[in-house]
S.K.: 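Here it is: the structure, laid out below.
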Amino acid sequence: MPKGQNGRRRLRGNETLVLALPKGRILEEVTPLVRRAGIVIEPAFDDPESRQLRFKTSEPGLDVIRVRNFDVATFVAFGAAQFGIAGNDVLMEFEYSEIYVPLDLGVGRCRLVVAAPKEDVGRDDPSRWSHVRIATKYPEITRPHFAARGVLAECIKLNGAMELAPSIGLCRQIVDLVQTGSTLKANGLVEIEHIADITSRLIVNRAALKTRATEVGGWIERFREAADAA
């Protein structure tokens, strides 16, 4: 496979296009949108027991891959997938210059927040902080958020079970995605700061948009129509 600068792949015009979709909760909201765009994925995609990761579709020349939410942007940035769907939390965290974001799809709505034990509210004044220890999988978002008001954020990288960290003494605050707030409540935490509203976006590899403008541009329009029809 030919490579360009920095190891990025150069696409041949006759290659199958690849759409990267996120696993998990977001996929439940994304799948109807994909269907409205006219993409029917082979039955194994809906089989919870299947370990398959790449799937054929009803569209000649289009395959779908199912990967972790954070990995969608990596596959698209490096040209292994020409386009995909990812939350803007992922895009804020990694800031890949190789990715173009033409559409907010309006699904996967949640928010990125700072949370702390409920007993800290009213007892600990955030305006007086100079240093905080935060458990999060978003260190590149978290550090600038606190630095903007002169607070040094020491980030402990976790990829799951974030809500457990304060109760076992790892830290007092976390930064994580929240949809309903029920998981925070179940673990004795409350939101104390809002960082960003999050939705899922259509993302496109910039090189693919240039070298296969008709095909990739056509898919952008189909997803635009699908999102508008929701």
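All residue numbers in this chain count up from 1 along the given sequence.
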S.K.: Evaluate Ile65 against Leu53 for side-chain contact (heavy atoms from CB on, under 4.5 Å), listing each step before the verdict.
M.R.: CA-CA 6 Å; Ile65 60 173; Leu53 298 175; 5.8 Å; no
S.K.: Step by step, would you call Thr199 with Arg201 a side-chain hydrogen bond (donor to acceptor under 3.5 Å, both in side chains)?
M.R.: CA-CA 6 Å; Thr199 53; Arg201 314 295 171 96; 2.9 Å; yes
S.K.: Under 4.5 Å between side-chain heavy atoms, counting indirect links through other Ile/Leu/Val/Met/Phe/Trp/Tyr residues: same cluster for Val90 and Ile195 or not?
M.R.: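 Yes, Val90 and Ile195 fall within the same hydrophobic cluster.
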S.K.: Show, in sequence, the C-alpha distance, side-chain angles and deciding distance for Arg123 and Asp120, and conclude whether the side-chain contact (heavy atoms from CB on, under 4.5 Å) test is met.
M.R.: CA-CA 5 Å; Arg123 186 176 67 183; Asp120 287 356; 2.8 Å; yes
S.K.: Taking it one step at a time, do Glu154 and Arg143 satisfy side-chain contact (heavy atoms from CB on, under 4.5 Å)?
M.R.: CA-CA 8 Å; Glu154 176 189 350; Arg143 291 191 194 99; over 6 Å; no
S.K.: Would Thr31 and Phe45 count as a side-chain contact (heavy atoms from CB on, under 4.5 Å) if you check the C-alpha gap in whole Å, the side-chain angles of each, and the deciding distance to 0.1 Å?
M.R.: CA-CA 10 Å; Thr31 299; Phe45 183 80; 4.1 Å; yes
S.K.: So, for Ile220 and Leu103, which heavy atoms are closest and what is the spacing to 0.1 Å?
M.R.: O-CD1, 3.5 Å
S.K.: Could you tell me if Thr16 and Asp63 have a donor-acceptor pair between their side chains, going purely by distance under 3.5 Å?
M.R.: no
S.K.: Can you tell me if Gln52 and Glu42 form a side-chain donor-acceptor pair at under 3.5 Å?
M.R.: yes
S.K.: Under the 6.0 Å and 45° cation-pi test, does Arg66 pair with Phe55?
M.R.: no
S.K.: Looking only at atom types and distance, does a side-chain atom of Arg133 sit under 3.5 Å from a main-chain N or O of Cys155, one as donor and one as acceptor?
M.R.: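 Answer holds: no.
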S.K.: Out of curiosity, does Val113 fall in the hydrophobic cluster containing Tyr138 (side-chain heavy atoms, cut-off under 4.5 Å, transitive links)?
M.R.: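 No; tracing contacts between hydrophobic side chains, which count when under 4.5 Å, never links both residues.
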